[in-house]
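Below: the structure, in structure tokens.
In listed order, ligands and their atoms are each counted from 1. Nothing here was measured: the structure is a model prediction, and the numbers come from that model. Values below: all heavy atoms of this structure, side chains included; hydrogens, waters and symmetry mates excluded.
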Amino acid sequence: MRRDATPRRYLMCPPAHFKVTYSINPWMDPGKPVDLPLCLAQWEDLRDRYRSLGHTVELLEPRPELPDMVFAANGATVIDGRVLGARFAYPERSAEAQEHLDWFRAHGYTEIHEPSHINEGEGDFAVTATYVLAGRGFRSSPLSHDEAQEFFGRPVIGLDLVDPRYYHLDTALSVLDGDEVMYFPEAFSPGSRAVLRRLFPDALVATEADAAALGLNAVSDGLHVLLPQEALGLFEPLRDRGFEPIGMDLGELLKGGGSVKCCTQELRP
Ligand code: ARG
């Protein structure tokens with residue numbers, strides 16, 4: 001199958017102040033040191049890769065008191081130029097929501113909804129051609145799903161996450177193109193697995209090893225799929241489907257429980 005890349009616009013935040021001083025997911029161990037210069041170099045590699053593929057990368061100013069701000073995907077969800085702000089589950093990250101809102105206001109966005117219910121942006125909302133897939137169970141409130149549906153006017157499909165290692169939807173499922181996804185079934189409840197099978201019968205189904213390398217925390221432009229380089233088992237099936245997998249090393253950010261997708265918020269026109 002012939003694939004085409006379409007130019008994207010991404011919002012990222014450099015990990016200038018990244019560290020692991022608290023633990024709000026099982027990947028985070030405050031006792032494990034982070035190599036900050038290495039972390040920055042790995043992140044810059046990702047940013048530069050997007051730019052060399054022809055994408056636009058916008059930057060958010062990092063704040064010293066918000067070490068997780070590098071995970072920019074969590075700060076909002078943008079579809080059709082409309083911005084659904086975030087509301088974080090943990091107080092350690094709650095001030096990030098305002099940073100994102102300020103950025104959108106300063107960059108000409110006018111359709112902005114400040115949410116009533118907890119949602120961690122694209123951490124839990126994945127946008128396909130037809131649906132908004134929405135994770136719940138660890139972070140985003142099920143009530144945020146109705147709020148998103150009303151605001152975006154797109155059908156929102158709620159999915160129950162059941163494994164704490166896959167606390168955000170974007171750690172267990174990735175949109176490849178249109179209505180094509182890849183996911184790790186065991187991260188979901190039996191009912192949600194059945195929903196995924198029904199909606200996406202041809203999905204690429206990931207193994208435990210690839211999921212555990214955060215291989216599903218991937219970003220696709222319709223052709224190139226940027227994903228953690230350790231998720232080796234995904235490369236061949238992606239190529240078989242006509243995609244071009246690009247392995248990235250974001251090993252330092254993995255200590256915060258995030259990788260490629262977590263660092264990347266897509267600004268959908
Ligand atoms: N330490 C961050 C947290 O637990 C990591 C967020 C990762 N972001 C993501 N989109 N999954 O909130």
Checklist entry - Measuring from each atom of ligand 1, which residues have a heavy atom under 4.0 Å away? => result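 Lining ligand 1 at under 4.0 Å, by heavy atoms, one finds I24, N25, M28, D68, F71, N74, R93, G123, R139, Y167, H168, D170, T171, G256, G257, C262.
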Next on the checklist: Are more than 12 heavy atoms, taken from residues, nucleotides or ligands other than E150, located less than 6.0 Å from that residue's CD atom?
Outcome noted: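 No, CD of E150 has 12 or fewer neighbouring heavy atoms, counting only those of other groups under 6.0 Å.
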Checklist entry - Is any side-chain heavy atom of V34 less than 4.5 Å from a side-chain heavy atom of F18? => result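 Answer yes - side chains close enough.
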Check residues 214-225 and write down every donor-acceptor pair under 3.5 Å in which the side-chain atom is one partner and the other belongs to a residue at least two apart or another chain.
residue: N217; atom: OD1; partner: S259; partner atom: N; Å: 3.0
residue: N217; atom: OD1; partner: V260; partner atom: N; Å: 3.3
residue: N217; atom: OD1; partner: K261; partner atom: N; Å: 3.0
residue: N217; atom: OD1; partner: C262; partner atom: N; Å: 3.0
residue: N217; atom: ND2; partner: D170; partner atom: O; Å: 2.7
residue: N217; atom: ND2; partner: D170; partner atom: OD1; Å: 3.4
residue: S220; atom: OG; partner: L176; partner atom: O; Å: 2.6
residue: S220; atom: OG; partner: G222; partner atom: N; Å: 3.0
residue: D221; atom: OD1; partner: L223; partner atom: N; Å: 2.9
residue: D221; atom: OD1; partner: H224; partner atom: N; Å: 2.7
residue: D221; atom: OD1; partner: H224; partner atom: ND1; Å: 3.4
residue: D221; atom: OD2; partner: H55; partner atom: NE2; Å: 2.8
residue: D221; atom: OD2; partner: H224; partner atom: ND1; Å: 2.8

Item to check | Under 3.5 Å side-chain donor-acceptor pair for R93 and N74 | outcome: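 There is such a pair between these side chains.
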Checklist entry - With sequence neighbours excluded, what pairs up with Q229 under the side-chain hydrogen bond (donor to acceptor under 3.5 Å, both in side chains) test? => result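 Testing Q229 for side-chain hydrogen bond (donor to acceptor under 3.5 Å, both in side chains), a comparison that skips the adjacent residues, returns none.
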Determine all donor-acceptor pairs shorter than 3.5 Å in which one atom belongs to a side chain in residues 198-205; sequence neighbours excluded.
none

